[in-house]
Amino acid sequence: MIPFSPEVFFALFEEYNLAIWPAQFAAYALGLLVLILAVRPSRVSSGVIGAILAALWMWNGVAYHWFFFAPINFSAPVFAGFFILQALLLLWKFVIQRDAMIGFRRDAPGITGLTLMIVALAGYPLLANVADHGGLQSAVFGVAPTPTVIFTLGVLLLARPRAPLVLMIVPLLWSVIGGLAVWLVGIPEDVVLPVAGVLAVNLVLWQRRGQA
Amino acid sequence: MNRKDWTDQGPTRRAVLGGMAATGALTVAGLLPPGPRTAVAAPSLMRAIPSTGQKIPAIGMGTWITFNVGPSRKLREARLKVLQTFFDMGGGMIDSSPMYGTSEDVVGYCLSRIENDQTLFSATKVWTVSEAMGKRQMKTSAELWGLKTFDLMQIHNLLDWETHLRTLKSWKERGRIRHIGITTSHGRRHDDLLDVMRSQPVDFVQFTYNILDREAENRLLPTAADRGLAVIINRPFRRGDLFSKFDRHPLPQWAGEIGCTNWASFLLKFVISHPAVTCAIPATSRVDHMRENMATLKGPLPDAAMRRRMVGYVESL
Ligand SMILES: NC(=O)c1ccc[n+]([C@@H]2O[C@H](COP(=O)([O-])OP(=O)(O)OC[C@H]3O[C@@H](n4cnc5c(N)ncnc54)[C@H](OP(=O)(O)O)[C@@H]3O)[C@@H](O)[C@H]2O)c1
């Protein structure tokens, strides 16, 4: 039950993008930093990546869901809660517990993970442009949920010895919700989201089976 | 009810104006050529609320999705035109809810810019749990609409209805609301709704009824008639699905006998011609659709035989 029309959704996106400008640039800079750190890992890089992802999820929970979308969508406060929870989980796993390292390796999860990260930063906006949702209506990486979730799934595929399953739950839930948006709100480019979700969950399970 | 002029003593300015509008509708109906035998000439498309006798137009409007436009000024101005058309064509009931995002805020925005809203019959809902949250929510609704009192406060989808009913009874006694209602749109809640209708002092009941979803004919509509309850019909177009289903088909040739020139009036006339229905509340975001919907208030209504024919036709498509 979506309480708003596509017209209203995209109008609000325009308002949101204008209101947070130029936060989009900062988000992209952070995204590129994560990409570089993932390819050239160091002793501290996993903690930095975890902290950056946590900040982006927190932003999405508070600014996007709570402040901008809650007024038109009664489900948005619940989404905000889940996004904030994911931010805390990312901090806990990568900054406090530090029991997983993030680093690219030339195996199936590694290549898929890196591809998903690049898709989130570059492929998804291109698709959105083709679907006529470019410019001010764009869901920009880091400040809008869908590309942020695709990117996070990519990063989690680079986690060694394996991706913490608890960090997969919220991104996968959002993959389902985003998948529904393809039809319910008419956002064809969001089809990337359920595809990323299915790929990520299968690769992580395959990876865990291999290590068992 | 309006920000300025409602008191609980004697007839209100709105009630008087409502009566005048009723006379207008009668005149229009009288000017139309006499209908064929299967269509009864519409006596008036104003309907009386059984518990108070106040008359309201048989077509109101809903605000789910259509008025939830957020802060966009451009979209608010577009909805202002829709609401202006509603009042220009004699509109009465506006139905909303705190569940509908910014709809109440947008209704308030529009009402504060419309001059001829004297026929407004304000209807919103309480949709939360607990007495304190319910009271707070209803106060917020009044602020958003820019009203001191509501003509109708409904308990949305029966949520925590026992708690809210206590509050609403006391608010009604104190003149803060004029009528009490309860709503659902789910078939599975019909038994609960019937219990409330049979045992509680509500003035209005709201549920779904349209030419394809006619379950309400079995128990809800007869019970409402028996108990003297006003009936509001939601989803008269099944959220717009009926247009996707029927739009590619022509109207039957005999649709002209009941003054229908488009599917909207065909579908709405079916709904409001049920004798137990007080009004239908189609929602729209478009001025041309609002015109079509409000035009249903004019011309003859189908009688029982014609209603069966209408059902037969759509089921054959
Ligand atoms: N439990 C409850 O209390 C409850 C539940 C459901 C609904 N309701 C109330 O009932 C109202 C009506 O129900 P609803 O909004 O769900 O559905 P509805 O009124 O059956 O259908 C609304 C849809 O019909 C389209 N439409 C309206 N007039 C049209 C016309 N003349 N020609 C073509 N299309 C037209 C609208 O699109 P356009 O915008 O393009 O015109 C909109 O998509 C709600 O808005 C709400 O206020 C209450």
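Here is how names work: the chains are called A, B, and so on, in the same order as the sequence lines, proteins then strands, and each is numbered from 1.
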*With B:Thr124, the side chain to side chain donor-acceptor pair (under 3.5 Å) member among B:Gln137, B:Gln154, B:Glu104*: B:Glu104
Exercise answer: donor-acceptor pairs, residues 5-14 of chain A side-chain atoms, under 3.5 Å, sequence neighbours excluded:
from    : atom 1 : to       : atom 2 : distance (Å)
A:Ser5  : OG     : A:Val8   : N      : 3.4
A:Glu7  : OE1    : B:Arg79  : NH2    : 3.4
A:Glu14 : OE2    : A:Gln137 : NE2    : 3.2

For a quick test of your reading: what N or O donor-acceptor pairs under 3.5 Å do the side chains of residues 78-97 of chain A make, sequence neighbours left out?
from    : atom 1 : to       : atom 2 : distance (Å)
A:Gln86 : NE2    : A:Leu167 : O      : 3.0
A:Lys93 : NZ     : A:Gln97  : OE1    : 2.9

*Would you mind checking which part of B:Pro98 comes under 4.5 Å of any heavy atom in chain A, side chain (CB onward), backbone (N, CA, C, O), both or neither?*
neither
*Hey, which of B:Ser72, B:Ser103, B:Gly70, B:Ser285 has the most heavy atom pairs under 4.5 Å with chain A?*
B:Ser72
*Any side-chain heavy atom of B:Phe237 sitting closer than 4.5 Å to one from B:Asn293?*
yes
*Considering only heavy atoms, which portion of A:Phe4 lies under 4.5 Å from any heavy atom of chain B: side chain, backbone, both, or neither?*
both
